[in-house]
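Nothing here was measured: the structure is a model prediction, and the numbers come from that model.
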Amino acid sequence: MENQRTVADGLRLVAFGLRVLVYLVLGGAALIAVATVASVLGPTLALDLYTPPVAAWWTVFTAVVVQGVPFLLLGTVVSAAIGAFVPERVFTRLLPRNQALAVPVAGAAGVVLPGCECASVPVAGSLMRRGVAPAAALAFLLSAPAINPVVLVATSIAFPAQPEMVLGRLVASLATAVVMGWLWARFGREEWLRLPKRSTGTSAHGLRAFGAGLQHDFLHAGGFLVLGAAAAATFNIVVPRSVLDLFTGSAWLSVLLLAVLAVVLCVCSEADAFVAASLSGFSPTARLAFMVVGPMVDLKLIALQTGTFGRAFAVRFSTVTWAVAVLSSVLAGWWLL
């Protein structure tokens, strides 16, 4: 009886693994197919309508999506694997008890423990429930989606032969995460932060949690990638050159514009480098600000933080994070770019 039960469990795991693999292949193929069909039909439609700008729009859109999908897929796989197979107690054992020291350690942990923006909020809430200091959990929340290996490799490919852009993103993002953790440790108030309650239901583990996390993160982030690519292509084609010159002629205005654009577009961190690279009319520092701000402050993150930690926290934390991220980007750009 025990042997039969073991065999049945093994068969169920194999079947579930195959189903996850099918979802993975079909999801990636679907996004690539949409982009391919768009690239084929888009220029044809543009030629029929005698509108070359439409063909240019499709070219930019397709380039951003096709380049970003593989890294988006890799990032969601890694994030889902960490959420399913890495125990939460690992974080509490690694972090120092001293809050001031725990913040930079938690921020640096984002380099080796990647996660997408959507996953970082519930992970931070889970860490707080397990006794991790809020300042350290918030530093990890900001750094994990911004400086993980998948994001840095994607940035290096989006900006070939520009290692200073990758280094600038690493330095500015890590500095923002650590500074925000220290600011919360010094000035944060308990009444601003509504600690998330522990779920009373049964949570999935292992392969089942991996499959559910992968499906949710990939489909959710993939939609934002497509929207971000469409917005970037529209921005490149629709906005008159005279308007761009008004912003690109001023270093501060260009940085502020792309920092605001990052909040609105909500592009996944695994793919935002390709969107930033397509905004070639702006300075390197402005594009760096786009990549630093986006994974830390955007509309979907503000909504997630509001639902998890409360509106009082989300408003204050997002506002200050945006300002610190912009300042860090400017300093890193001045130093490295």
Side-chain angles (χ1 to χ4, degrees), residues 28 31-32 35-36 38-39 42-43 55-78 110-112 114 116-117 143 145-176 221-222 224-226 228-237 244 247-248 251 254-255 257-259 261-262 265 267-296 325 328-337:
L31 273 179
I32 294 176
T36 304
S39 66
W57 188 95
W58 282 110
T59 300
V60 175
F61 171 79
T62 304
V64 173
V65 172
V66 171
Q67 285 183 309
V69 163
F71 292 98
L72 174 62
L73 185 58
L74 178 60
T76 52
V77 168
V78 174
V111 176
V112 294
C116 71
E117 298 94 316
S143 68
I147 62 173
N148 67 69
V150 178
V151 169
L152 297 180
V153 171
T155 305
S156 68
I157 293 179
F159 294 91
Q162 298 183 55
E164 65 276 5
M165 187 65 78
V166 181
L167 180 60
R169 180 171 196 175
L170 172 62
V171 170
S173 299
L174 182 58
T176 301
F224 283 109
L225 170 61
V226 172
T234 302
F235 188 83
N236 274 279
I237 303 303
L244 287 181
F247 288 94
T248 56
S254 62
V255 168
L257 175 63
L258 288 195
L261 195 64
L265 292 187
V267 183
C268 181
S269 60
E270 284 87 1
D272 63 357
F274 299 100
V275 177
S278 70
L279 301 172
S280 56
F282 291 89
S283 67
T285 301
R287 289 185 284 174
L288 176 62
F290 179 87
M291 294 186 292
V292 173
V293 171
M296 298 184 177
S328 298
S329 302
V330 171
L331 293 176
W334 168 77
W335 178 36
L336 297 170
L337 305 180

Measuring from atom [atom1] of [X] to atom [atom2] of [Y], what distance do you get when rounded to the nearest 0.5 angstrom?
X	Y	atom1	atom2	value
R169	L174	CZ	CG	13.0 Å
L152	I157	CG	CD1	11.5 Å
E164	L336	CD	CG	8.0 Å
L257	F290	CG	CZ	10.5 Å
R287	T155	CZ	OG1	12.0 Å

Looking only at heavy atoms, what is the nearest atom pair of [X] and [Y], with distance?
X	Y	answer
A332	A172	CB-CB, 3.9 Å
P163	A161	CD-C, 3.4 Å
A146	M296	CB-CE, 4.1 Å
A259	V293	O-CG1, 3.7 Å
S173	I147	CB-CG2, 3.4 Å
F274	A158	CD2-CB, 3.7 Å

With a 3.5 Å distance limit and no angle check, can you tell me whether S269 reaches the backbone of P145 through a side-chain donor-acceptor pair?
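Confirmed, S269 side chain pairs with P145 backbone.
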
Spell out, as yes or no, whether a donor-acceptor pair under 3.5 Å connects the side chain of S156 to the backbone of V153.
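Yes.
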
Apply side chain to side chain contact (heavy atoms under 4.5 Å, CB included) to the pair F159 and M291, showing each step before the final yes or no.
CA-CA 12 Å; F159 294 91; M291 294 186 292; 3.7 Å; yes

